[in-house]
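Encoded as structure tokens, the structure appears first; notes follow it.
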Amino acid sequence: MPIVDKEMHGHFCGLFSEMKGEPGYTYWKTKYQTNVRIPLSEQAKLGMQVGISHHKPYVRFDFKPADLGPTEWEQMHMHLGYMLEYGYASVLAESHVTYLEIAIDCTGINWKEHFTFDGQLRNSGWYPDYYHPCPTGYLGRRGSNRVIRGYDRVARLKALGKAVGTEPITRIEASLRKLGRKVPALPSVENPFKSVGVCRFADAEAQSSDKGWKQFLQHCRYIGACEAMQLAGAAKKKYLARLSSVGCDWWSPISIWALYPEALKALHG
């Protein structure tokens, strides 16, 4: 969100500085930025940053709407109410969205033995590696404008010490950077899952027994499907078609994206 002048920039710096030492608050400062993270609940936080970029002052707000219930929204409105003339309404009207994370939870699906692929991306990988009990699969270079991640949502929540059920959940999420859109323009964001496919290794392996295909799938386990396709050379299109032919029937990018407009309503709290 752009700040009108340096005086307002100093006003935010002073407000953030006053929060230093508040119970549960995290405050830190760099040469060009002042940051504070405010707890709204045990799991929800409001991150704020005031700084100068290209000689222009700004203030940034970072939060996850899906983590906010009525109490958390009330707290956020309260905090923004004494910082901005129109509170959260100012954020919605004046801010440019630079980062958007969109997640789909596929219940009843065990992530292990599945993998994602995308014919439009070159980079991919696993963290820490595919053979880890709960690996995260990446498509796209980390930090790039579009990154796709797939992982075991239940295992992630357990690692954070949160209570979870027994039903498996696979989460497929997209991180979109450098959007540069205002909130009212978010409905026009292009479907980031449009070219993404998901399949099981067992189904892919059943497609062919030729040596090249087996080697390709082994590369998928080590470096991910996108980078494996770069090594496939002239067979790239054929291998992509094979993966698409055995794509999981529970994964439908068009049907999934139909839920996006309703999900955006959460931004209005």
Side-chain angles (χ1 to χ4, degrees), residues 22-28 35-49 60-73 75-76 98-118 121 123-144 146-177 192-193 196-202 220-228 248 250-251 256 259 263 266-267:
E22 288 287 330
Y25 287 36
T26 304
Y27 172 92
W28 72 101
N35 303 269
V36 66
R37 187 173 292 125
I38 300 174
L40 302 176
S41 66
E42 287 188 8
Q43 68 174 13
K45 298 182 185 299
L46 170 63
M48 300 186 292
Q49 178 186 93
R60 168 179 284 176
F61 304 98
D62 182 7
F63 62 97
K64 292 184 178 181
D67 289 346
L68 306 185
T71 302
E72 290 82 8
W73 275 111
Q75 287 191 54
M76 191 165 80
T98 57
Y99 178 81
L100 184 65
E101 194 170 280
I102 306 168
I104 297 294
D105 285 340
C106 308
T107 56
I109 305 298
N110 193 331
W111 168 244
K112 192 64 175 175
E113 283 298 319
H114 286 84
F115 67 103
T116 52
F117 59 93
D118 189 323
L121 295 174
N123 302 96
S124 59
W126 295 92
Y127 180 81
D129 60 67
Y130 170 76
Y131 294 99
H132 186 272
C134 303
T136 297
Y138 286 87
L139 301 182
R141 189 178 69 255
R142 291 190 188 187
S144 59
R146 181 171 72 100
V147 174
I148 305 297
R149 290 183 293 269
Y151 58 89
D152 183 332
R153 177 63 174 162
V154 173
R156 181 74 60 88
L157 292 175
K158 283 183 178 178
L160 295 173
K162 297 179 180 179
V164 293
T166 57
E167 187 175 23
I169 300 174
T170 284
R171 170 165 285 194
I172 309 292
E173 63 186 26
S175 294
L176 306 177
R177 288 177 168 81
F193 303 111
V196 176
V198 184
C199 67
R200 295 173 64 245
F201 273 109
C220 288
R221 285 188 170 92
Y222 280 101
I223 56 178
C226 293
E227 295 207 15
C248 295
W250 50 265
W251 176 255
I256 286 169
L259 305 173
L267 280 174

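We're numbering straight along the sequence, starting at 1.
Closest of all the heavy-atom pairs between Cys220 and Ala225 is SG-CA, 3.7 Å. Across all their heavy atoms, Asp152 and Ala155 have their closest contact at OD1-N, 3.0 Å. Between Arg146 and Leu121 the shortest heavy-atom distance is NH2-CG, 3.4 Å. In plain terms, the two heavy atoms of Phe193 and Ile102 that are nearest each other are CZ-O, 3.6 Å. Taking each heavy atom of Pro128 and His132 in turn, the nearest pair found is CG-CD2, 3.3 Å. Nearest approach of Tyr131 to Asp129, heavy atoms of both residues: N-OD1, 2.9 Å.
Asp105 pairs by the salt bridge (charged side-chain N to carboxylate O under 4.0 Å, His left out) definition with Arg171, not counting sequence neighbours. Thr136 is linked by a side chain to side chain donor-acceptor pair (under 3.5 Å) to Arg156, counting only residues two or more places apart in sequence or in another chain. By the ring pair (Phe, Tyr, Trp, His ring centres under 6.0 Å) test, Tyr130 pairs with Trp126, Phe201, sequence neighbours left out.
The neighbour count for Arg221 CZ, taken as heavy atoms of other residues, nucleotides or ligands under 6.0 Å away, is above 12. Counting non-hydrogen atoms of other residues, nucleotides and ligands closer than 6.0 Å to CD of Glu167 gives a total above 12. By the 6.0 Å contact criterion, OH on Tyr99 is enclosed, its count of non-hydrogen atoms from other residues, nucleotides or ligands being greater than 12. Counting heavy-atom neighbours within 6.0 Å of Lys112 NZ, excluding the residue itself, gives a total above 12. The environment of Tyr127 atom OH is sparse: at most 12 non-hydrogen atoms of other residues, nucleotides or ligands sit within 6.0 angstrom.
Note that OG of Ser175 and CD1 of Ile148 are 8.0 Å apart. Values are rounded to the nearest 0.5 Å. Distance check: Asp62 CG to Lys45 NZ gives 12.0 Å after rounding to the nearest 0.5 Å. Atom CG in Leu40 sits 11.5 Å away from atom CZ in Arg37 (nearest 0.5 Å). Note that the CG atom of Leu157 and the CD atom of Gln43 stand 8.5 Å from one another [nearest 0.5 Å]. If you take CD1 on Ile169 and CD1 on Ile104, they are separated by 12.5 Å, rounding to the nearest 0.5 Å. The distance from atom OH of Tyr138 to atom OG1 of Thr116, rounded to the nearest 0.5 Å, is 11.5 Å.
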| task | Would you check, one step at a time, whether the test side-chain contact (heavy atoms from CB on, under 4.5 Å) holds for Phe115 with Cys199? | result | CA-CA 6 Å; Phe115 67 103; Cys199 67; 3.2 Å; yes

| Could you go step by step and tell me if Ile172 and His114 meet the side-chain contact (heavy atoms from CB on, under 4.5 Å) rule? | CA-CA 11 Å; Ile172 309 292; His114 286 84; over 6 Å; no

| request: For side-chain contact (heavy atoms from CB on, under 4.5 Å), just list the numbers for Leu139 and Ser124, CA-CA rounded to whole Å, side-chain angles, deciding distance to a tenth of an Å, and then say yes or no. | output: CA-CA 4 Å; Leu139 301 182; Ser124 59; 3.9 Å; yes

| Given the rule in the side-chain hydrogen bond (donor to acceptor under 3.5 Å, both in side chains) test, do Tyr222 and Glu227 qualify, once you have shown the distances and angles that lead to the verdict? | CA-CA 10 Å; Tyr222 280 101; Glu227 295 207 15; over 6 Å; no

| task | Report the C-alpha separation of Phe63 and Ile38 in whole Å, then their side-chain angles, then the decisive distance to 0.1 Å, and conclude whether the side-chain contact (heavy atoms from CB on, under 4.5 Å) test is met. | result | CA-CA 10 Å; Phe63 62 97; Ile38 300 174; over 6 Å; no

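Considering only heavy atoms from C-beta on, Tyr25 comes within 4.5 Å of Pro39 through its side chain.
For the pair Thr170 (side chain) and Ile109 (backbone), a donor-acceptor distance under 3.5 Å is present. Looking only at distances, no side-chain donor or acceptor of Gln49 sits under 3.5 Å from a matching main-chain atom of Arg60. With hydrogens and angles ignored, the 3.5 Å screen pairs no side-chain donor or acceptor of Gln75 with any backbone N or O of Glu72. The backbone N or O of Val196 sits less than 3.5 Å from a side-chain atom of Trp251, completing a donor-acceptor pair.
Salt bridge Arg200/Glu113: absent, no basic N to carboxylate O contact under 4.0 Å. A salt bridge links Arg149 with Glu101: the distance from a Lys NZ or Arg NE/NH1/NH2 to an Asp or Glu carboxylate oxygen falls below 4.0 Å.
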